[in-house]
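Here the structure is laid out as structure tokens; the discussion comes afterwards.
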Amino acid sequence: MANTTLDKWIFPKGFAWGAATAAYQIEGGWNIDGKGPSVWDTFTHKGGDRVFKNQTGDVACNSYALWEKDLKCIKQLGLTHYRFSLSWARLLPDGTTSFINQKGVDYYNKVINDLRSNHVEPMVTLYHLDLPQALEDRGGWRSEKIVDSFDKYAKFCFRTFGDRVKLWLTINEPYIVSRLGYEDGVLPPEVKEQGVALYQVAHNMIKAHARVWHSYDTLFRKEQSGLVSIVLYSGWAEPFNPNSVDDKAASERYLEFMLGWFANPVFLDGDYPAVMKSRIQNLSKSQGLSSSRLPEFTEDEKRMIKGTADFFALNYYTTRKVSYEESTCFGPSFLGDQATKESTDSSWPVMEPFWLAVVPWGIRKLLKYIKDKYNAPAIYITENGFGQKDPSPLEDVQRWSYYRQTLTEVYKAISEDHVDVQGYFAWSLLDNFEWIFGYDVRFGLFHVDYENPDLPRTSYKSAKEYAKVIKNNGLIGPDQFGVSA
């Protein structure tokens with residue numbers, strides 16, 4: 001149990017203090033030592049201003065060659081846990097086990113072994129947006145065949161690394177992959193089949209996750225004693241007008257379409273939220289379609305999906321005010337299905353990217369919501385952070401204050417709301433390739449100098465302060481933060 005005295009807020013014993021990264025965003029080495037191309041290699045190499053200044057992850061932080069520098073940063077922070085992702089295309093260049101790239105295996109073995117020898121627990125993500133291009137060419141996440149491909153890849157990873165990895169994450173942010181890759185079309189594979197493709201992709205991702213969980217449960221859990229989950233992205237939603245029945249319903253619907261879309265099947269009953277099913281069914285009918293655009297799970301699939309997570313993995317960044325708004329567009333769309341409009345409060349500070357309004361109290365409300373709705377699961381906050389625009393100051397006092405405020409809210413969720421939060425992972429260990437924002441947005445606890453070919457890492461003030469929190473297992477003293485904890 002967390003405990004507090006004046007200016008001393010101590011987290012539960014054994015609390016996991018981490019930082020997170022993802023393969024494409026830090027590794028570089030995009031075409032060396034046998035690695036195959038991913039959809040992000042293809043996407044960034046097309047140019048055409050898809051990414052800020054047509055930047056790519058070809059080199060990024062060059063962590064493939066400079067892992068020891070990353071390890072030094074991890075040790076400097078005193079992390080108990082480090083979250084990173086495996087590059088599917090580095091291990092299996094064509095996405096299948098027909099050819100295994102031993103140099104990729106060697107790289108991740110070194111990362112895992114170095115972490116463990118330094119008493120840092122690895123938390124490993126199997127899929128963080130970088131699908132092998134060879135699988136995309138065969139239909140990618142739109143094809144149900146991906147379920148089998150992902151399961152074979154996962155079993156290979158469990159066999160190869162599972163003796164030393166006890167915390168596994170299957171898919172990072174299926175909401176973001178589906179919405180931005182297949183509805184808005186701003187991420188690979190740039191599909192804009194509105195109101196259709198994203199639901200099919202999400203359907204396949206949920207089934208792929210569940211299949212992998214069962215594979216681990218059946219074939220590996222007894223010997224390896226690890227845990228498996230899926231990483232869900234969600235913000236918090238407040239009704240724009242707290243006295244409006246429509247806005248209250250809209251904010252609840254907003255959460256169901258973002259979080260419940262994936263959490264309800266996995267953590268509750270194996271199926272989509274009722275409001276999603278009814279709205280999309282009715283709108284599909286009014287649009288002249290013979291069946292709903294939201295695919296249906298069979299009864300066997302519902303049983304297979306239900307309960308396929310050993311903990312709740314949450315990525316939280318921001319909060320929105322939500323109002324009711326029916327779409328003026330007749331055709332299918334995700335926003336039309338949701339019938340909401342989101343906005344921010346003018347009092348909320350905004351960091352980078354432009355969408356990141358800083359709302360620390362939102363994480364506490366969301367944690368309480370998850371506890372109440374999803375049967376009080378153990379929760380790891382697998383990502384949370386605040387970006388700065390390049391060039392960014394090393395004395396990032398304001399950014400650290402946001403971290404401190406957020407950690408205070410996490411503490412309150414544990415101590416006052418009795419939420420079983422077991423860990424917190426800052427995004428990110430390093431400044432890195434921030435997807436379509438390229439290197440213009442810096443989320444790192446460590447600054448990376450991209451102008452220097454050696455890519456030196458230098459700690460921000462945030463890193464030094466976070467290291468104190470980790471050392472103390474909590475927030476201690478007003479001087480550390482400039483204000484009382």
Side-chain angles (χ1 to χ4, degrees), residues 11-12 14-23 25-26 63 70-71 73-86 111-112 115 118-129 165-173 176 226-235 309-318 356 360 363-364 366-367 370 377-387 399-400 402-411 413-414 419-432 434 443-446 460 462-463 465-471 473-475:
F11 280 69
F15 192 81
W17 294 105
T21 59
Q25 294 179 268
I26 68 166
S63 293
D70 296 355
L71 181 62
C73 295
I74 290 166
K75 292 166 70 175
Q76 198 172 322
L77 288 169
L79 298 182
T80 67
H81 290 64
Y82 176 59
R83 179 186 168 209
F84 65 97
S85 77
L86 304 175
V111 170
I112 292 165
L115 288 170
N118 284 281
H119 311 291
V120 180
E121 278 294 318
M123 177 183 269
V124 178
T125 311
L126 293 170
Y127 179 75
H128 201 124
L129 278 68
V165 175
K166 305 307 172 187
L167 293 169
W168 290 99
L169 300 164
T170 55
I171 298 168
N172 184 75
E173 299 183 340
I176 297 296
L227 303 173
V228 180
S229 190
I230 181 171
V231 183
L232 301 184
Y233 169 90
S234 187
D310 301 316
F311 57 92
F312 201 111
L314 173 69
N315 289 358
Y316 170 86
Y317 286 94
T318 191
L356 207 165
I363 196 169
R364 180 182 177 185
L366 183 58
L367 289 168
I370 291 168
I379 302 171
Y380 285 88
I381 299 162
T382 40
E383 285 182 28
N384 172 251
F386 311 92
R399 186 167 70 138
W400 174 250
Y402 297 148
Y403 265 116
R404 195 265 313 161
Q405 291 168 38
T406 302
L407 289 171
T408 300
E409 295 296 331
V410 173
Y411 178 86
I414 296 169
V419 183
D420 185 13
V421 183
Q422 298 202 353
Y424 174 90
F425 290 73
W427 183 270
S428 174
L429 178 69
L430 308 171
D431 288 340
N432 57 57
E434 190 49 45
F443 270 95
L445 292 167
F446 286 83
Y460 288 102
S462 288
E465 297 298 339
Y466 189 41
K468 294 176 189 175
V469 171
I470 295 169
K471 183 178 180 182
N473 195 36
L475 311 173

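Any value given below was found using the heavy atoms of this structure, including those in side chains, with hydrogens, waters and symmetry copies removed.
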Atom pair CG (Leu314) and CD (Glu173), whose distance is rounded to the nearest 0.5 Å: 9.5 Å

Step-by-step side-chain contact (heavy atoms from CB on, under 4.5 Å) determination, Phe446 to Leu77: CA-CA 10 Å; Phe446 286 83; Leu77 288 169; 3.7 Å; yes

Side-chain heavy-atom pair Leu79, Phe425 within 4.5 angstrom cut-off: no

Parallel, tilted or perpendicular: ring planes of Phe386 versus Tyr402, cut at 30 and 60 degrees: tilted

Polar side chain donor-acceptor pair, Asn315 to Thr382, under 3.5 angstrom: yes

Backbone of Ile379 reached by a side-chain donor or acceptor of Asp420 within 3.5 Å: no

Which atom of Leu167 lies closest to which atom of Phe311, heavy atoms considered: CD2-CE2, 4.1 Å

Gap separating the CD1 atom of Ile171 from the CD1 atom of Ile230, nearest 0.5 angstrom: 5.0 Å

Shortest non-hydrogen contact from Arg399 toward Phe443: NH1-O, 3.3 Å

Asp310 side-chain N/O to Val228 backbone N/O, donor-acceptor pair under 3.5 Å: yes

Pair Trp17 and Phe11, ring centroids less than 6.0 Å apart: yes

Which atom of Leu407 lies closest to which atom of Val469, heavy atoms considered: CD1-CG1, 4.3 Å

From His128 atom NE2 to Ile176 atom CD1, the distance as rounded to the nearest 0.5 Å: 10.0 Å

Tyr82 versus Ala19, closest heavy-atom pair with distance: CD1-O, 3.5 Å

Residues Ile26, Phe84; criterion side-chain contact (heavy atoms from CB on, under 4.5 Å); working and verdict: CA-CA 10 Å; Ile26 68 166; Phe84 65 97; 5.8 Å; no

Non-hydrogen side-chain atoms of Arg83 and Val231 separated by less than 4.5 Å: yes

Test salt bridge (charged side-chain N to carboxylate O under 4.0 Å, His left out) applied to Glu434 - qualifying residues, sequence neighbours left out: none

Spacing of SG belonging to Cys73 relative to CG belonging to Leu429, to within rounding of 0.5 Å: 5.5 Å

Neighbour count >12 (heavy atoms, 6.0 Å) for atom NZ, Lys471: no

Audit row: Leu232, Phe312, side-chain contact (heavy atoms from CB on, under 4.5 Å) steps and yes/no: CA-CA 8 Å; Leu232 301 184; Phe312 201 111; 4.1 Å; yes

Stepwise side-chain contact (heavy atoms from CB on, under 4.5 Å) check, Asn172 with Ser85: CA-CA 9 Å; Asn172 184 75; Ser85 77; over 6 Å; no

Between OG1 on residue Thr21 and CG on residue Leu430, distance to nearest 0.5 Å: 7.0 Å

Side-chain donor-acceptor contact under 3.5 Å, Ser63 with Asp70: yes

Taking every non-hydrogen atom, the tightest pair across Leu367 and Ala413: CD1-CB, 3.8 Å

Reported CD-to-CG distance for the pair Glu465 and Leu445, which is rounded to 0.5 angstrom: 11.5 Å

Backbone N/O of Leu169 and side chain of Ser229: donor-acceptor pair under 3.5 Å: no

Polar side-chain atom of Tyr466 near backbone of Gly18 as donor-acceptor pair, under 3.5 Å: yes

Contacts of Ser462 that satisfy side chain to side chain donor-acceptor pair (under 3.5 Å) - sequence neighbours left out: Asp396

Atom of Asp431, atom of Gly444 and distance for their closest heavy-atom approach: OD1-N, 2.9 Å

